[in-house]
Number of protein chains: 2
Amino acid sequence: MSRDSLDLEGVLRDAKPSLHEAELLERCFAHTLTAEAGRELQVAGSPLSRPKMILSGWVGLARFLDDGRRQFMDLHIAGDFTAFRLRSDAHAQAYAICLTPVQYVEVAEILHGVNAQPGLYPGLLAKMRASEEEQRARLFDHILRVGRMLAHERLAHFALELYRRHERVGLATAQSFPMPLTQEVLGDVLGLSTVHINRTLQQLRREGLLKTANGRWQIPNIEALRAVAAETREPGSIS
Amino acid sequence: MSRDSLDLEGVLRDAKPSLHEAELLERCFAHTLTAEAGRELQVAGSPLSRPKMILSGWVGLARFLDDGRRQFMDLHIAGDFTAFRLRSDAHAQAYAICLTPVQYVEVAEILHGVNAQPGLYPGLLAKMRASEEEQRARLFDHILRVGRMLAHERLAHFALELYRRHERVGLATAQSFPMPLTQEVLGDVLGLSTVHINRTLQQLRREGLLKTANGRWQIPNIEALRAVAAETREPGSIS
DNA sequence: CGCACATTTGACGAGAATCAACTGCAGTGG
DNA sequence: CCACTGCAGTTGATTCTCGTCAAATGTGCG
């Protein structure tokens with residue numbers, strides 16, 4: 001497993017798994033699945049039946065317009081749950097597309113277990129609830145980015161989000177984190193063209209706000225980058 | 001109560017209220033509260049303790065940038081729950097601002113009741129769960145609009161969303177629905193400037209796609225407007 | 001009537017998209 | 001070993017959508 005994969009011990013560090021959960025997890029992690037880049041883990045409009053947790057790789061949640069324009073709603077990295085909703089009758093609002101090779105485990109048994117025996121897996125269930133809430137917060141951030149920020153602000157804000165998320169699961173080192181996305185995908189995340197992503201990245205590099213090398217992004221000065229992402233501090237100050 | 005207010009009987013039509021709920025609702029609706037335009041029903045970063053249901057008027061969920069730029073994440077109209085999350089420990093991700101005078105009722109007792117006696121108000125709880133899920137779908141729509149659509153597409157798509165929502169609560173008549181928002185607010189919803197909103201509205205009117213009069217928007221030809229909002233049909237085809 | 005506020009209009013400029021070509025690079029096969 | 005291929009990244013020229021600024025017009029209301 002590469003340096004970009006998840007530290008399994010750390011995933012549920014705060015979840016205080018019960019004995020049952022510990023067993024279940026062991027069983028899950030023994031059956032690591034793999035999906036190549038480009039594969040869809042969920043299709044918009046389909047029911048969401050098989051929740052997955054990502055061990056390594058990136059997944060993007062996308063919607064499309066008639067003429068092929070694409071917009072990513074959210075990205076999922078190691079430690080994130082994907083292709084899932086806690087509501088059992090929920091349908092997918094978007095396509096979940098593997099942006100890199102992805103290693104994941106199916107955790108469908110957990111939800112089924114919940115339906116069958118409520119409270120059997122409180123730790124994991126709590127994690128998934130928290131995951132839904134965190135995604136909601138990210139969606140808000142994303143709307144603000146795409147709706148009201150300039151290109152360099154969007155990139156700065158986005159880089160900071162990714163840094164924080166990788167830091168949280170132990171995948172950030174030396175102020176840097178993995179960045180396997182092409183500039184085309186980056187454009188479809190931030191609502192910009194590939195060319196403009198390229199030029200804006202150059203600008204940030206020129207200003208010393210971002211270093212890119214070996215498929216990683218490094219943020220030499222976090223406060224400086226935070227100043228570029230012109231958001232007010234209220235919502236971020238919670239977590 | 002004006003013609004833009006909610007038909008109370010209709011709100012919980014599908015919710016099959018229990019006897020307890022019927023009593024509770026009667027008690028709630030007896031205490032209709034009012035907030036003037038501009039008042040904040042929730043502040044970003046604060047805990048969300050007092051869920052409300054809107055009877056009439058519009059509420060906007062906004063976030064701000066340092067220099068005053070504002071972006072609305074979502075709008076709430078009659079029949080919508082606002083200033084609430086089902087997770088009891090959730091904090092507000094945005095400001096909830098009254099965009100018009102708003103009539104609402106507090107339904108805090110329902111959540112407290114759930115904590116105290118689970119399953120006591122299944123109908124209302126189900127409504128609130130569904131409301132959360134619908135908002136999530138709207139957030140996805142909004143990201144697509146603001147991230148990848150042109151100005152006239154955003155307006156068309158937005159008008160269609162509002163028409164559908166008003167239709168659902170019985171507030172749409174003759175292909176029209178109330179539109180009390182200023183063009184400035186409209187701009188902050190759709191990520192456009194006031195001036196550009198104005199010009200884009202004129203364009204849609206000129207093309208016969210939208211009629212505006214008496215604080216209402218009318219959509220003469222829904223299919224034609226839908227063709228302007230260039231979205232693919234997958235996600236919308238669910239509901 | 002006059003005030004505040006929303007809408008409208010025009011002129012101009014800025015940010016970003018588009019188009020097209022070119023570079024660099026890893027993988028492939030002759 | 002090296003041309004060949006495909007793809008991501010880069011660059012320049014040009015166009016276009018949209019923002020900004022400023023002023024004018026309209027509208028509801030005390």
Side-chain angles (χ1 to χ4, degrees), chain A residues 36-38 58 60 65 67-71 99-101 145-158 178-207 210-217 228-230, chain B residues 2 36-38 58 60 65 67-71 98-101 145-158 178-207 210-217 228-230:
Chain A
E36 70 277 23
W58 293 45
L65 297 184
D67 59 359
R69 277 174 285 178
R70 178 176 64 172
Q71 175 66 48
L99 302 172
T100 69
R145 261 196 302 254
V146 159
R148 276 303 184 214
M149 286 187 180
L150 298 174
H152 65 280
E153 296 168 335
R154 294 186 206 182
L155 261 171
H157 195 263
F158 180 62
M179 173 44 69
L181 305 184
T182 66
Q183 295 182 354
E184 185 187 359
V185 170
L186 229 35
D188 288 346
V189 171
L190 297 178
L192 298 165
S193 70
T194 308
V195 174
H196 205 61
I197 289 284
N198 184 294
R199 295 193 160 115
T200 309
L201 274 174
Q202 290 181 49
Q203 183 193 332
L204 291 180
R205 282 189 292 244
R206 219 180 308 121
E207 293 165 351
L210 190 66
K211 293 192 195 308
T212 66
N214 316 322
R216 298 181 72 88
W217 281 8
V228 173
Chain B
S2 76
E36 70 276 22
W58 293 45
L65 296 184
D67 59 1
R69 277 174 287 178
R70 177 176 63 171
Q71 175 67 47
C98 295
L99 301 173
T100 69
R145 261 197 302 254
V146 158
R148 276 306 184 210
M149 286 187 181
L150 299 172
H152 65 280
E153 295 168 335
R154 294 186 206 181
L155 261 171
H157 196 263
F158 181 63
M179 173 44 68
L181 305 184
T182 66
Q183 296 182 355
E184 185 187 358
V185 170
L186 230 34
D188 288 347
V189 171
L190 297 178
L192 298 165
S193 71
T194 308
V195 174
H196 205 63
I197 289 284
N198 185 294
R199 295 194 159 115
T200 309
L201 274 175
Q202 291 180 49
Q203 182 193 334
L204 290 180
R205 281 191 293 245
R206 220 180 308 122
E207 292 166 352
L210 192 64
K211 293 189 195 310
T212 66
N214 314 322
R216 296 182 73 87
W217 281 8
V228 173

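So that the names make sense, note that chain A is the first sequence line, chain B the second, and so on, each numbered from 1. If you're wondering where the values come from, they're calculated on a predicted model, not measured in any experiment. Because only heavy atoms are used, hydrogens play no part in the values below, and waters and symmetry mates are left out as well, while side chains stay in.
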> How does DNA chain C look in dot-bracket form if you count Watson-Crick and G-U pairs under 3.5 Å, write [ ] for pairs that cross, and put | where a base pairs with another strand?
Replying inline: ||||||||||||||||||||||||||||||

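Here the options are Val195(B), Thr200(B), Leu201(B), Thr194(B), the test is side chain to side chain contact (heavy atoms under 4.5 Å, CB included), and the partner is Ile197(B); only Leu201(B) passes.
Distances shown here put a side-chain N or O of Asn198(B) below 4.0 Å from the OP1 or OP2 atom of dT8(C). Remark: Gln202(B) is in phosphate contact with dT9(C), judged by side-chain N or O atoms under 4.0 Å from OP1 or OP2. Applying the 4.0 Å criterion to OP1 and OP2 of dT20(D), one finds that Arg69(B) has every side-chain N and O outside that range.
Atom CG in Asn214(B) sits about 14 Å away from atom C1' in dT27(D), given to the nearest Å. In this structure, CG of Leu181(B) is placed 18 Å from P of dC5(C), rounded to the nearest angstrom. Following rounding to the nearest Å, Leu150(B) (CG) and dG19(D) (P) show an atom-to-atom distance of 12 Å. Taking atom CE of Met179(B) as the reference point, atom P of dT7(C) lies 11 Å away to the nearest angstrom. In this structure, Glu184(A) places its CD atom 7 Å from P of dA8(D), rounding to the nearest Å. Put simply, CZ on Arg154(B) is 13 Å from P on dT17(D), counting in whole angstrom units. Rounded to an integer number of Å, the gap from CD of Gln183(B) to C1' of dT27(D) is 13 Å. Distance, Trp217(B) CH2 to dT7(C) P: 10 Å, rounded to whole Å.
Atom CG of Leu99(B) and atom CG of Leu181(B) lie 6.0 Å apart (nearest 0.5 Å).
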Which pairs, protein N/O on one side and nucleotides 17-24 of chain C N/O on the other, fall under 3.5 Å?
| from | atom 1 | to | atom 2 | distance (Å) |
| --- | --- | --- | --- | --- |
| dA17(C) | OP1 | Ser193(A) | N | 3.0 |
| dA17(C) | OP2 | Ser193(A) | N | 3.0 |
| dA17(C) | OP2 | Ser193(A) | OG | 2.9 |

